[in-house]
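Computed over heavy atoms, backbone and side chain alike; hydrogens, waters and symmetry mates excluded. Each chain gets a letter, A, B and so on, in the order its sequence line appears, and its residues count up from 1. A quick note: this is a predicted structure, and the numbers were derived from the prediction, not measured.
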Amino acid sequence: MTLSLYNTLTRQKEPFAPLQPGRVTMYVCGPTVYSFPHIGNARPAVVFDVLARLLRTRYQLTYARNITDIDDKINRAAAEEGVPIGEIAARYAKAYHADMRALGVLPPDIEPRATEHLASIIRMISGLIDSGHAYTAEGHVLFRVASYADYGALSRRDQRELLAGARVEVAPYKEGAGDFVLWKPSTPDLPGWDSPWGRGRPGWHIECSAMVAEHLGPTIDIHGGGNDLIFPHHENEIAQSSCSNGGALFARYWLHNGFVNVDHTKMSKSLGNVLLVRNLLEQAPGEAIRLALLAAHYRQPLDWTSEVLPEAQRKLDRLYGALRDVEGWQALEAGPDAAFIAALDDDLNTPQALAVLFNLARDANRSTDPAERAALAARLRASAVLLGLLGADPDAWFMTEVSDGLTAEQIETMLAARRAARTDRDFRLADQIRDELVEAGILIEDSAEGTRWRRSAG
RNA sequence: GGCUAGGUGGCAGAAUGGUUAUGCAGCGGCCUGCAAAGCCGCGUAUGCCGGUUCGAUUCCGACCCUAGCCUCCA
């Protein structure tokens with residue numbers, strides 16, 4: 001029962017062991033709060049939430065996920081609306097929290113913001129200048145990539161090739177083409193903070209380095225984020241942090257989630273295919289969105305199509321259906337299934353873990369022994385909760401009213417009429433009522449105990 | 001051009017040197033007044049070409065194709 005994780009640094013699965021026995025530090029790159037979160041923002045939040053839940057069963061975890069609230073995209077949004085950047089950041093941070101909560105993402109232990117860490121950022125930059133890893137030029141402070149021999153180790157890029165292959169116009173004040181900004185000057189119309197190098201603002205990469213150092217120390221166990229961040233963001237973080245800490249290893253395990261594509265193409269503003277979480281929440285419960293994100297392995301790309309959400313909802317119908325049909329599991333103390341844990345331990349193989357859940361559901365449905373059924377259902381529930389699923393009451397899951405549909409009261413009235421018709425053996429009328437309900441998105445199920453209803457899955 | 005992932009049944013998506021999950025969809029059956037749910041059963045897949053091997057979807061090599069990164073991006 002050992003957790004193994006695929007480490008981008010070594011490109012292999014490695015057994016996980018924390019630096020300090022019993023304690024784990026994890027940092028995940030959070031959102032830049034300049035607009036509403038989209039489904040691609042949600043994937044790392046959900047994936048690392050699952051990892052956090054798993055780690056907490058064994059270790060004392062300190063999980064930090066930052067909010068980037070200093071950024072030129074925020075500046076642009078603020079300028080467009082004519083409001084302070086704080087207003088933009090506050091608005092979208094709030095939206096992020098609301099959306100993530102809807103997806104069942106638990107809050108991290110620490111949620112540092114760049115605006116609250118200017119002192120740390122400035123201190124780190126000063127240190128890098130003092131140690132020769134950074135230099136000032138025309139009001140900027142730049143990191144001297146040539147001063148860090150291991151630059152490129154994470155992204156497997158050769159420094160010389162990077163320089164030779166630079167396709168972007170290189171600013172004339174840079175010593176090396178690959179040098180990146182730690183601090184840049186702000187014009188009077190832009191947000192800025194006073195520093196030894198004049199009024200300006202930090203580069204994106206240094207924000208994360210400073211916040212990691214302040215909250216988690218020089219070496220952390222796990223650093224996560226989207227795989228697009230490998231270069232340059234994480235490569236730069238490593239350079240800054242390692243050089244600030246006398247060459248100490250910055251992060252021991254680097255984890256990167258794959259992208260979410262939409263209808264086989266990349267999601268981008270220019271294509272107009274950005275799927276916002278808040279819009280998806282109008283189509284399906286957050287739990288279905290969460291399951292859809294966990295249905296593929298976190299390192300694989302995930303293609304989001306119109307089929308994904310209804311299918312996820314039907315999967316949850318099946319799992320909740322097993323819980324609903326079994327009695328007495330609520331009172332049982334149960335732990336997660338061993339095969340389920342083994343799947344998660346294998347580099348967070350959530351598709352495999354979900355398969356175990358479906359097996360448990362089938363076994364519970366199949367069994368005729370009430371005690372065994374209850375035990376299986378309890379184990380199903382205890383397992384699923386680690387994924388942040390099946391936390392709701394099964395009846396609540398099935399009988400959530402559709403916002404524009406019939407009320408529960410109206411449905412009950414129709415069911416009563418149908419019951420009367422059936423008693424009279426007037427099946428034509430009974431079936432007619434049932435058809436009306438189906439058209440309203442309500443499915444009914446007759447059993448020896450009576451008739452129950454559920455809304456259909458989109 | 002460099003780097004990194006992939007190409008598995010109708011769809012989604014795991015795994016594996018020999019028996020190939022799971023879910024959705026489909027088909028047959030049980031149950032039901034009929035359905036639904038559930039259960040039982042069935043069907044169809046490992047891009048292409050070589051190599052290693054008793055045996056490869058799995059390992060190795062070439063090729064084709066797809067996606068991502070190399071520039072802000074989860």
*side-chain hydrogen bond (donor to acceptor under 3.5 Å, both in side chains): which pairs involve residues 273-289 of chain A, sequence neighbours left out?*
A:Glu287-A:Tyr320
*asked:* Enumerate the side-chain hydrogen bond (donor to acceptor under 3.5 Å, both in side chains) contacts for residues 372-382 of chain A, please, sequence neighbours excluded, ordered by first and then second residue.
replied: A:Asp337-A:Arg379, A:Ser367-A:Glu372
Suppose you measure atom [atom1] in [N] against the same atom in [M]; what distance do you get, rounded to whole Å?
N: B:A5; M: B:G18; atom1: C1'; result: 29 Å
N: B:U4; M: B:C39; atom1: C1'; result: 46 Å
N: B:U8; M: B:A14; atom1: P; result: 11 Å
N: B:U46; M: B:G7; atom1: P; result: 14 Å
N: B:U16; M: B:A45; atom1: C1'; result: 15 Å
N: B:G47; M: B:G9; atom1: P; result: 8 Å
N: B:C65; M: B:U22; atom1: C1'; result: 28 Å
N: B:A21; M: B:A12; atom1: C1'; result: 13 Å

Grab the [atom1]-[atom2] distance between [X] and [N] for me, whole Å please.
X: A:Leu229; N: B:A74; atom1: CG; atom2: C1'; result: 6 Å
X: A:Arg11; N: B:A5; atom1: CZ; atom2: C1'; result: 10 Å
X: A:Gln300; N: B:A12; atom1: CD; atom2: P; result: 14 Å
X: A:Arg366; N: B:A37; atom1: CZ; atom2: P; result: 19 Å
X: A:Leu291; N: B:A12; atom1: CG; atom2: C1'; result: 12 Å
X: A:Asp303; N: B:G68; atom1: CG; atom2: C1'; result: 13 Å
X: A:His205; N: B:U71; atom1: NE2; atom2: P; result: 10 Å
X: A:Asn236; N: B:C70; atom1: CG; atom2: P; result: 12 Å

Only counting residues at least two apart or in another chain, list the ones meeting side-chain contact (heavy atoms from CB on, under 4.5 Å) with [X].
X: A:Gln300; answer: A:His297
X: A:Asn7; answer: A:Leu9, A:Thr10, A:Glu14, A:Tyr253, A:Trp254
X: A:Arg252; answer: A:Leu19, A:Thr219, A:Asp221, A:Leu249

_Are the side chains of A:Asn349 and A:Pro351 in contact, using a 4.5 Å heavy-atom criterion?_
yes
*Quick one: salt bridge (charged side-chain N to carboxylate O under 4.0 Å, His left out) pairs with a partner in residues 348-366 of chain A, sequence neighbours left out?*
A:Asp363-A:Arg366
*Pairs in or reaching into residues 64-79 of chain A: which pass salt bridge (charged side-chain N to carboxylate O under 4.0 Å, His left out), with residues at least two apart or in two chains?*
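Those involving residues 64-79 of chain A are A:Arg65-A:Glu111, A:Asp71-A:Lys73, A:Asp72-A:Lys184, A:Asp72-A:Arg201.
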*asked:* Would you call the rings of A:Phe180 and A:Phe143 parallel, tilted or perpendicular, taking 30° and 60° as the class edges?
replied: parallel
Look at all strands and tell whether [X] reaches a base, only sugar-phosphate, or nothing, counting heavy atoms closer than 4.0 Å.
X: A:His256; value: nothing
X: A:Ser155; value: sugar-phosphate
X: A:Val438; value: nothing
X: A:Gly40; value: base

*Under 6.0 Å between ring centres, would you say that holds for A:His223 and A:Phe250?*
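Yes, the ring of A:His223 comes within the 6.0 Å limit of the ring of A:Phe250, centre to centre.
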Atom pairs under 3.5 Å, N or O on each side, protein against nucleotides 21-29 of chain B: can you list them with distances?
unit_1	atom_1	unit_2	atom_2	d
B:G23	N2	A:Glu311	OE2	2.8
B:G23	N3	A:Glu311	OE2	3.4
B:C24	O2'	A:Arg314	NH2	3.4

*Quick one: list whatever passes salt bridge (Lys or Arg N to Asp or Glu O under 4.0 Å) with A:Asp446, sequence neighbours left out.*
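Applying salt bridge (Lys or Arg N to Asp or Glu O under 4.0 Å) to A:Asp446 gives A:Arg418, A:Arg422.
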*Got a sec, which residues hit salt bridge (Lys or Arg N to Asp or Glu O under 4.0 Å) with A:Asp393, two or more places apart in sequence or on another chain?*
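In terms of salt bridge (Lys or Arg N to Asp or Glu O under 4.0 Å), with neighbours along the sequence ignored, A:Asp393 is linked to no residue.
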*Does A:Thr32 or A:Arg299 map to a spot on RNA chain B nearer the 5' end, using the closest nucleotide for each?*
A:Arg299
*asked:* Under 4.0 Å from OP1 or OP2 of B:C39: is there any side-chain N or O of A:Asn365 that close?
replied: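 It does, given that an N or O in the side chain of A:Asn365 lies less than 4.0 Å from OP1 or OP2 of B:C39.
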*A:Leu54 pairs by side-chain contact (heavy atoms from CB on, under 4.5 Å) with which of A:Leu61, A:Asp345, A:Leu387?*
A:Asp345
*Stacking between A:Phe259 and the base of B:G68 (centre distance under 5.5 Å, interplanar angle under 30°)?*
no
Between protein and nucleotides 32-35 of chain B, what N or O pairs are separated by less than 3.5 Å?
unit_1	atom_1	unit_2	atom_2	d
B:G33	N7	A:Arg422	NH2	3.2
B:G33	O6	A:Arg418	NH2	3.4
B:G33	O6	A:Arg422	NE	3.1
B:G33	N1	A:Asp431	OD1	3.0
B:G33	N2	A:Asp431	OD1	3.4
B:G33	N2	A:Asp431	OD2	2.6
B:C34	O2	A:Arg434	NH1	3.2
B:C34	O2	A:Arg434	NH2	2.4
B:C34	N3	A:Arg434	NH1	2.8
B:C34	N4	A:Asp446	OD2	3.1
B:A35	N6	A:Asp446	O	3.2
B:A35	N1	A:Asp446	N	2.9
B:A35	N1	A:Asp446	OD2	3.3
B:A35	N3	A:Arg434	NH1	3.2

*Stem regions touching RNA chain B, defined by at least 3 consecutive Watson-Crick or wobble G-U pairs below 3.5 angstrom*: B:1-7 with B:64-70, B:10-12 with B:22-24, B:26-30 with B:38-42, B:49-51 with B:59-61
